[in-house]
*Asks:* 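My structure is below; once you've seen it, I'll send some questions.
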Amino acid sequence: MKFSIRIFLASICAVFAMVLVSCDNNMAPLEPQASTGSLKLEFDNVVGDRDLKLDTDFYTNAAGERFNITAFNYYISNIKLIKSDGSSFTLPQDSSYFLVRENDIASQVLDLKNIPVGEYTGVEFMVGVDSLRSVSDASNRKGVLDPGYSEVMYWSWNSGYIFMKMEGTSESINTANGKYYFHIGLFGGLEKATLNNIKTVRVDFAGKKASVTGTMAPQVHLLADAMKVMNGSTVVSVAATPVVMASDYSKNVADNYINMFSLDHIHAN
Amino acid sequence: MKRKFKVQMLFWGLLALVVASCKSGTGDSPEPEPTGPTPLTWSKPSHFPDPVYDLSKNTMTEEGVELGRFLFYDGILSRTGNIGCGTCHQPAAAFTHHGHDLSHGVDDRVGVRNSPSVQNLAWNTSFFWDGGVHHLDLVPPAPIENPVEMDETLSNILEKLRNTGKAGSNSKVNYPKLFQKAYGTEEINSERMLKAMSQFMMTLVSATSRYDYYVQGDQNALNSQEKEGLSIFQQKCASCHTGTLFTDHSFRNNGLSPNRIDDKGRSAITLDVTDDYKFKVPSLRNVGLTAPYMHDGRFYSLEEVLDHYANNQNSSKLSVIEVSPTLDPLLLQDPSRPGIRISTAEKLALIAFLRTLNDEQFTKDPRHADPGVGNAF
């Protein structure tokens, strides 16, 4: 009798353990023992050595053309933080899509939460949106990827996201409106391999460190130099190619802008 | 024994407590609706292959389909309020734009391609004449945002739909209520909207033509000329218009001369010159109801279509198969004379057969019809 009660009690314990485990997913997580913190990634758009000022300021590119910028936006996604020992932390994908827009200051600071405590010496990210998201159903397109989001950069006819959008005007352009439009996208196709302009960029902090602790939330200040969209391995002329969208030439622009990111400084907190 | 009973009581009591505490921890689970949406089981016709669309990510309900039907027909999806999907995709013409080579959208702007049939999309691997869209959920934004079709933005439509529930709205439909019926709450977002439209389009299955009865065993469903036509079809057409769906979902250049805007079709998507002038092989289901034909609607009758493929210039259009580097090799088996050898008698039999793919149960199904919100012109 005693023995069977013991077995019975043991089985009770087992059942409780199971219930508690299954319950765990839905309950508030236990108090974190400062194993994670946060980090802010700031994208400061500049043009050469000057701050980017939409509409009002004019700049001169390597082709010798004077131009201004009326829009400068890009997707940053699939962010990975790199530690000094070479290990890294990849943000959960669902919380790793951002749309940086020059005319929206809030969009330029990426607030990364639940980052494991540690010293980070570099960051890697995609400029654009990965191919899987570009072909998935409506439930995988939230936030800045939502085709119903007012600022979304999405081609509905050639279904996929515009990774980088830069627009402006130049007196050098001989079209009716004198505008240039660089809309760079193309994720590589689904049924058939097509041009893939998804670019992964790595910015090393060059000896500097971003220390994430329970109390320290460092801010990594990156520069994005819009001049490099035009000035790079290809010298892009706004007069020669005022419209660059879904075309082979878009590859040259994408190959240029992968080099536009650099570290400016890191705030410890 | 008594003691065991007590222990048992203790066990169940504690378990109840744990379960209760567990439940209170899940604060985000929505309150169950007293009467939730009614699940709808979508089943494929027995002689059809498995669908491509993944219904596990979009559970169909009667209310979801009904919401999708309203959205499909309602001109609220256009900038001007009068062009719905159903304007250019009318049931009687198997969800094409009857009689229109090209369609006219907002402000009577003329499109560049012939309105394709919205039928059997559950099996499509890509969408539109050039295959530019990869997922059924993302089909509606293409015509919505096209300046010559509906010229509207998805974000603006969501706002307009939300406002239909408010005082002073001149909409016939209270969309927040329809969304609530379909999804349990009045929230209107793009995922809900697009998935409801997918649900409705998933119900647009044509599988009850005379041909379908024939392949399922009714030998009398086709007459002798139609059966002869089927046999010719299998020899001369079915390499592209394959199988139950009458398409292999590929993109091919069928020798149409480039049109006035030099529409190059598939290569605009793939940026590959080997895809120049290739267009989606369309399904032939209901082909007797979907005139005009081809990506720009240049042929008004099936006779003209067959004259083109036969390349013998019988019809008034004087169509000639244009030999170009991307012309489909199946049309160039005899380099001295491109095309497919089809005699006049064979053409008659083929057309008789093609008309057996007309599916009036499908085109006249009241469940697919405009619920009274659309404009068809």
*Asks:* Do B/F127 and B/H249 have ring centres separated by under 6.0 Å?
*Replies:* no
*Asks:* Non-hydrogen atoms of chain A under 4.5 Å away: do they reach the side chain of B/L194, the backbone, both or neither?
*Replies:* side chain
*Asks:* Can you tell which of A/P147, A/G189, A/A246 has the highest number of heavy-atom pairs within less than 4.5 Å of chain B?
*Replies:* A/P147
*Asks:* For chain A, find which of B/L136, B/D275, B/N58 contributes the most heavy-atom pairs closer than 4.5 angstrom.
*Replies:* B/D275
*Asks:* May I have the step-by-step check of salt bridge (Lys or Arg N to Asp or Glu O under 4.0 Å) for B/D130 and B/K264, ending in yes or no?
*Replies:* CA-CA 9 Å; B/D130 56 18; B/K264 290 185 178 167; over 6 Å; no
*Asks:* Counting only non-hydrogen atoms closer than 4.5 Å, does B/L158 touch chain A with its backbone (N, CA, C, O), its side chain (CB onward), both, or neither?
*Replies:* side chain
*Asks:* Looking only at atom types and distance, does a side-chain atom of A/Y75 sit under 3.5 Å from a main-chain N or O of A/V144, one as donor and one as acceptor?
*Replies:* yes
*Asks:* With sequence neighbours excluded, tell me which residues meet side-chain contact (heavy atoms from CB on, under 4.5 Å) with A/E167.
*Replies:* A/T70, A/A71, A/K165, A/Y181, A/H183
*Asks:* Keeping the roles fixed (side chain from A/N256, backbone from A/V229), state whether a donor-acceptor pair exists under 3.5 Å.
*Replies:* yes
*Asks:* So for B/T270, is it side chain, backbone, both, or neither that comes closer than 4.5 Å to the heavy atoms of chain A?
*Replies:* both
